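Encoded as structure tokens, the structure appears first; notes follow it.
If you're wondering where the values come from, they're calculated on a predicted model, not measured in any experiment. Excluded from the calculations below are hydrogen atoms, water molecules and symmetry mates; all remaining heavy atoms, backbone and side chain alike, are included.
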Protein chains: 2
Amino acid sequence: MKRKVTLKQIAKELDVSISTVSKSLRNSMEISEDTRQKVQAFAKLYNYKPNNIALSLKNKKTKTICIIIPEIIHHFFATVISGVEHVANENGYNVLVCLSDESFDKEVINMEMLANGSIDGFIMSLSKETQLKKDFHHITEVINQGMPVVMFDRITNEILCDKVIIDDSLAAFNATQYFIDKGFKKIALISTVDYVSVGKLRTEGYIKALKNSDLKVDENLILKIEDTENFEDSIANLLTNNEIDAVFAVNELFAVTAIKEAHKLGKKVPDDISVIGFTDGIISKYSSPSITTVSQNGVKMGGKAAKMLIERLEAEEEEEEQYRTEVIETELVERESTK
Amino acid sequence: MKRKVTLKQIAKELDVSISTVSKSLRNSMEISEDTRQKVQAFAKLYNYKPNNIALSLKNKKTKTICIIIPEIIHHFFATVISGVEHVANENGYNVLVCLSDESFDKEVINMEMLANGSIDGFIMSLSKETQLKKDFHHITEVINQGMPVVMFDRITNEILCDKVIIDDSLAAFNATQYFIDKGFKKIALISTVDYVSVGKLRTEGYIKALKNSDLKVDENLILKIEDTENFEDSIANLLTNNEIDAVFAVNELFAVTAIKEAHKLGKKVPDDISVIGFTDGIISKYSSPSITTVSQNGVKMGGKAAKMLIERLEAEEEEEEQYRTEVIETELVERESTK
DNA sequence: CTGAAAGCGCTTACAG
DNA sequence: CTGAAAGCGCTTACAG
């Protein structure tokens with residue numbers, strides 16, 4: 001086992017100073033052609049690579065960014081990571097992935113642990129618990145220390161920073177309008193509880209569309225799901241107890257479950273009930289019938305977030321404090337679950 | 001904006017030496033109760049946190065491990081990351097995620113870039129291209145430098161290191177046997193090309209099961225898919241040109257596509273054709289009919305891999321060179337696509 | 001053209 | 001009980 005070779009060792013072997021080796025390897029004009037050649041050849045032979053940690057300490061930057069997400073198993077978040085990765089790599093950055101597991105504490109611990117020099121900046125989507133508590137001190141603190149943060153998807157207006165979002169309300173409005181245009185009157189909504197920012201916004205869009213067309217907003221047709229497990233029964237109830245033409249669900253899981261429950265009740269999708277979901281993931285694509293959905297391009301969101309973060313990192317120190325919010329367009333992908 | 005406070009600054013403020021501050025914060029008995037109290041109070045007030053990079057340089061370890069995977073969008077790999085994350089976090093490690101995108105070059109670049117002090121060890125699953133080229137020099141090199149590597153899922157026997165796998169051949173054997181026990185004779189296989197290690201092993205298990213029951217191995221019933229796009233037609237052909245009772249697919253995507261194509265051809269699953277997939281992911285669970293599948297617990301595999309890596313990192317330096325290969329059990333999860 | 005020195009932020013063996 | 005010094009691996013302004 002040959003340990004990593006350092007400048008010091010090379011210097012010793014070649015009987016020159018460490019400075020000379022360092023400068024030679026960086027091709028400094030200060031050093032004679034001759035010495036440079038010699039040092040470079042030797043370094044190559046021993047496969048010298050500078051120690052990243054030493055460089056980080058010296059330069060006060062690590063070329064590493066961290067993305068904190070609630071869950072990696074959600075297809076959407078996986079696509080975001082993918083987008084972040086690619087843009088980061090193109091720019092010579094590495095990506096540290098942290099999972100908050102929807103827990104406030106884990107989010108705080110992760111941020112505090114990494115804010116001490118380990119990384120250059122954060123990209124994050126808030127955990128449910130954080131959104132519920134509305135406690136964002138950990139984020140403010142990091143920003144105050146001069147470390148840039150870019151939020152995406154699950155954001156808060158209480159923090160000033162760069163953000164990447166979709167227009168959740170508008171997307172929901174459009175999906176609902178799509179149903180209205182088809183002549184449906186009994187349009188149900190399956191959403192999350194209101195403290196989840198995107199759930200709330202999507203609910204607003206749905207209501208706005210109904211009102212806009214002078215349709216009655218029937219509270220019985222609005223289901224807000226708290227628990228991510230065992231929500232099948234709630235959905236079955238919704239479908240059983242109401243005459244429903246169409247269902248708009250704020251995520252894939254709710255959409256596919258609505259279809260399954262409808263089938264169990266002997267209702268056909270899309271013949272008896274049309275269904276639109278949210279997030280164009282793997283489920284929407286491969287379920288039978290495949291699901292019409294609001295596509296939310298995670299790769300693009302992640303890429304954009306990474307780009308914004310890196311731009312800020314590489315901007316001339318403390319330039320303007322102009323924070324931007326980028327809105328990624330969504331579109332309705334029509335598949336088999338609507339007609 | 002208040003910048004991070006350092007030992008130096010605290011020392012200056014309190015008019016003591018840096019050593020005294022450092023020792024006080026580490027609660028060294030060398031320092032008087034009095035001074036310790038004072039320093040600790042001050043540090044707390046200014047929210048001092050030691051700089052991780054400086055510690056890494058000093059300690060020659062970063063408490064960061066890297067996982068290199070071909071693709072994050074595959075549900076299986078996302079679950080592995082999740083498993084790695086949790087075990088790593090419990091042990092105070094962070095996780096850097098790198099994507100090879102199935103490319104040999106990206107795999108090499110990532111490893112070389114990180115092997116210089118940035119991380120303490122690797123967990124990896126080979127890219128397709130690496131498996132095809134059979135060039136593992138980048139991995140050997142890293143191991144020779146004394147950096148531990150744990151391989152999982154897509155591994156190679158040409159590298160000596162810790163490994164976490166499932167018994168792909170046995171799992172495929174069992175799945176095939178399940179069909180045989182039901183009395184099916186015309187059992188098709190949808191696999192990947194042979195250079196993908198797990199595809200090959202699963203194919204072997206399938207063949208073994210057939211031979212074991214004196215069933216003819218019909219090459220026409222074995223489809224090996226190279227391209228991950230546009231394989232629908234190949235599957236449709238397979239189903240059209242042969243009388244098939246059952247299909248064993250080596251991944252979810254092939255399984256769900258087989259079902260879709262069967263339906264298009266007017267064949268019902270499971271009434272006309274039974275289907276078993278591989279990897280118990282989101283597709284298998286939510287497709288209609290839901291898919292009977294060989295479950296391959298990614299969370300467990302990732303957790304195990306992380307555990308092995310961390311144990312090696314924390315073992316008394318160069319202990320025994322005893323490499324272990326852990327086999328994670330699989331099971332057949334019965335759902336609606338078989339009868 | 002080459003090298004000694006200082007410094008990034010920390011720890012720790014050693015002196016006093 | 002406190003502090004100066006050396007060191008982790010590197011870079012760079014400065015001297016010679």
query = Taking the P atom of each, how far is C:dA4 from D:dA6, in whole Å?
reply = 15 Å
message = Categorize B:Lys8 for me: base, sugar-phosphate, or nothing, with a 4.0 angstrom heavy-atom threshold over every strand shown.
response = sugar-phosphate
request  = Please answer whether the main-chain N or O of A:Ala78 pairs with a side-chain N or O of A:Ser82 as donor and acceptor at a distance below 3.5 Å.
outcome  = no
inquiry  = For A:Lys61, is there any backbone N or O sitting under 3.5 Å from a side-chain donor or acceptor partner on A:Asp120?
reply    = no
inquiry  = Under 4.0 Å, counting only non-hydrogen atoms across every strand here, what does A:Ser32 touch: a base, just sugar-phosphate, or nothing?
reply    = sugar-phosphate
Short N-O contact, A:Arg36 and A:Glu30, less than 4.0 angstrom = no
task = For B:Thr6, answer base if it contacts any base atom (sugar-phosphate contacts may also be present), sugar-phosphate if it contacts only those atoms, and nothing otherwise; contact means non-hydrogen atoms under 4.0 Å.
result = sugar-phosphate
task = Provide the distance between the two C1' atoms, one in C:dC8 and one in D:dT2, to the nearest whole Å.
result = 25 Å
task = Please indicate whether B:Lys49 has more than 12 foreign heavy atoms, meaning atoms of other residues, nucleotides or ligands, lying under 6.0 Å from its NZ.
result = yes
request  = Ignoring hydrogens and angles, tell me if any N or O in the side chain of B:Glu71 forms a donor-acceptor pair with the backbone of B:Leu99 under 3.5 Å.
outcome  = no
request  = Name the residue closer to the 5' end of DNA chain D, choosing between B:Ala54 and B:Glu33 according to the nucleotide with the nearest heavy atom.
outcome  = B:Glu33
Touch class at under 4.0 angstrom, heavy-atom based, for A:Thr35 against every strand present = sugar-phosphate
key: Any donor-acceptor N/O pair, A:Thr325 side chain to A:Lys163 backbone, under 3.5 Å   = no
ask   = Among A:His137, A:Lys133, A:Gln131, whose side-chain hydrogen bond (donor to acceptor under 3.5 Å, both in side chains) with A:Asp135 holds?
value = A:His137
Sugar-phosphate only, base, or nothing, as touched by B:Leu55 at under 4.0 Å among non-hydrogen atoms = sugar-phosphate
query = Which part of the nucleic acid, if any, lies within reach of B:Ser56 when heavy atoms closer than 4.0 Å are counted: base, sugar-phosphate only, or nothing?
reply = nothing
inquiry  = If the threshold is 4.0 Å, N to carboxylate O, is there a salt bridge linking A:Lys63 and A:Glu314?
reply    = yes
key: Pair assignment for DNA chain D - dot-bracket with | for other-strand partners, Watson-Crick or G-U under 3.5 Å   = |||.||||||||.|||
ask   = Heavy atoms, side chains only, cut-off 4.5 Å: are A:Tyr195 and A:Lys128 in contact?
value = yes
inquiry  = Please identify the 5'-most and 3'-most nucleotides of DNA chain D with any atom under 4.0 angstrom from a heavy atom of chain B.
reply    = D:dC1 to D:dG9
Of A:Lys58 and A:Ser17, the one whose closest DNA chain C nucleotide lies more 5' = A:Ser17
key: 5'-most by nearest nucleotide on DNA chain C - B:Ser22 or A:Asp15   = A:Asp15
task = Pick base, sugar-phosphate or nothing for A:Leu57, based on heavy-atom distances below 4.0 Å to the nucleic acid.
result = base
task = Assign B:Lys60 to base, sugar-phosphate, or nothing according to its heavy-atom contacts below 4.0 angstrom with the strands shown.
result = sugar-phosphate
query = Base, sugar-phosphate alone, or nothing: which one does B:Ile18 contact when heavy atoms must sit under 4.0 Å apart?
reply = base
